[in-house]
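Both backbone and side-chain heavy atoms feed into the values below; hydrogens, waters and symmetry mates do not. So you know, we letter chains A, B, ... as the sequences are listed, proteins then strands, and number each from 1.
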Amino acid sequence: MKAMDQYCELFERFGAQGWWPVHKGKRRPGFDPVFEIMVGTILTQNTSWKNVEKAIENLHCEQVLDVPSMIQVHHAKLKSLIKPAGYYNQKAKKLKILAKHISDHYNSDSKQVAESASRGELLNIWGIGPETADSILLYAGNRPEFVIDTYTRRLCKTHGIEFKTYDEYKHHFESQLKPDYKLFNQYHALIVAWGKNQ
DNA sequence: AGCCAGGACTGAG
DNA sequence: CTCAGTCATGGC
């Protein structure tokens with residue numbers, strides 16, 4: 001089955017999904033919408049989005065959703081704020097490391113990272129694997145990197161398609177589609193919608 | 001009452 | 001390099 005046909009079929013069933021970037025009525029001084037997306041991609045690792053929303057809301061209330069604040073906030077406090085998202089020991093560490101990287105190499109300009117960092121650079125940051133790297137590039141940077149997750153593999157399998165590595169799945173989709181970040185954005189979200197519907 | 005969610009790292013072998 | 005074990009909360 002051709003990828004574009006599958007996309008149309010999924011869109012017909014589930015409609016537009018409204019993933020990132022969306023920020024309605026959340027503007028505080030110093031709020032960094034691009035950094036919030038990056039934070040979301042880490043918090044949602046193997047975790048339901050509903051739990052992540054609670055954690056992000058906590059970070060909003062304490063105004064920790066920008067790079068300098070993330071660096072300054074006490075480690076223990078950060079853990080307590082993100083606790084609803086689970087794995088809070090690991091994830092607090094990941095958020096700190098990511099913020100420090102953006103501070104050290106991009107003068108705390110998260111937008112600059114999302115728009116110009118290479119995939120390999122992100123993969124070298126502790127806590128960022130292939131799916132999180134692609135999610136950051138696609139959803140925070142509006143760059144056409146196709147995101148693969150467990151649902152994607154499951155969906156492929158139902159069509160008799162199976163690969164071994166993440167990059168093979170990624171190539172399977174990217175080789176069939178024009179590099180359109182809006183398309184990749186919707187497609188991945190639609191695959192997740194399909195997965196939840198199973 | 002389990003099972004699993006919008007994964008990634010670590011340590012064996 | 002492959003792969004089980006580990007991390008942790010909340011919803012269903």
Could you tell me whether the phosphate oxygens of [N], OP1 or OP2, come under 4.0 Å of any side-chain nitrogen or oxygen in [X]?
X: A/K54; N: C/dG11; answer: yes
X: A/K50; N: C/dC12; answer: yes
X: A/N89; N: C/dA8; answer: yes
X: A/W20; N: B/dG6; answer: no

Taking the side chain of [X] as its heavy atoms from C-beta onward, which of [options] lies nearest to it?
X: A/T44; options: C/dT9, C/dA8, B/dG6; value: B/dG6
X: A/P84; options: C/dA8, B/dG6, C/dG10; value: C/dG10
X: A/N51; options: C/dG10, B/dG7, B/dT10; value: C/dG10
X: A/Y151; options: C/dC7, B/dG6, B/dA8; value: B/dG6
X: A/Y88; options: B/dG6, B/dG7, C/dA8; value: C/dA8
X: A/K164; options: C/dT2, B/dA8, C/dA8; value: C/dT2

Let me know which of A/N51, A/L65, A/L81, A/I82 forms a side chain to side chain contact (heavy atoms under 4.5 Å, CB included) with A/I56.
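Per the side chain to side chain contact (heavy atoms under 4.5 Å, CB included) rule, the option paired with A/I56 is A/L65, out of A/N51, A/L65, A/L81, A/I82.
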
For the ring pair A/H60 and A/F31, is the centre-to-centre distance below 6.0 Å?
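Yes - the distance between ring centres of A/H60 and A/F31 falls below the 6.0 Å cut-off.
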
Please state the [atom1] separation for the pair [N] and [M] - nearest whole angstrom.
N: C/dG5; M: B/dC3; atom1: P; answer: 15 Å
N: B/dG6; M: C/dC3; atom1: P; answer: 25 Å
N: B/dA8; M: C/dG11; atom1: P; answer: 24 Å

Which ones in residues 131-141 of chain A lie close to DNA chain B, meaning a heavy atom under 4.0 Å from one of its atoms?
A/E131, A/T132

Sugar-phosphate, base or nothing in reach of [X], heavy atoms under 4.0 Å:
X: A/K91; answer: nothing
X: A/R154; answer: sugar-phosphate
X: A/I42; answer: nothing

Between A/K79 and A/Y88, is NZ or CZ placed under 6.0 angstrom from the six-membered ring centre and within 45° of the ring axis?
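No; the conditions do not both hold, so A/K79 does not lie above the ring face of A/Y88.
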
For A/W49 and B/dA5, are the ring centres under 5.5 Å apart with planes inclined under 30°?
no

Check this for me: A/H75, atom NE2, are more than 12 non-hydrogen atoms of other residues, nucleotides or ligands nearer than 6.0 Å?
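Buried by this count: over 12 neighbours within 6.0 Å.
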
d(OH, A/Y87; C1', B/dA8) in whole Å:
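Value for this atom pair: 10 Å.
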
Check A/Q45 against A/G127 and note the closest heavy-atom contact, atom names and distance.
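Heavy-atom minimum between the residues: NE2-O, 3.1 Å.
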
When the ring planes of A/Y187 and A/F146 are compared, do they come out parallel, tilted or perpendicular, using 30° and 60° as the limits?
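A/Y187 vs A/F146 ring planes: perpendicular.
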
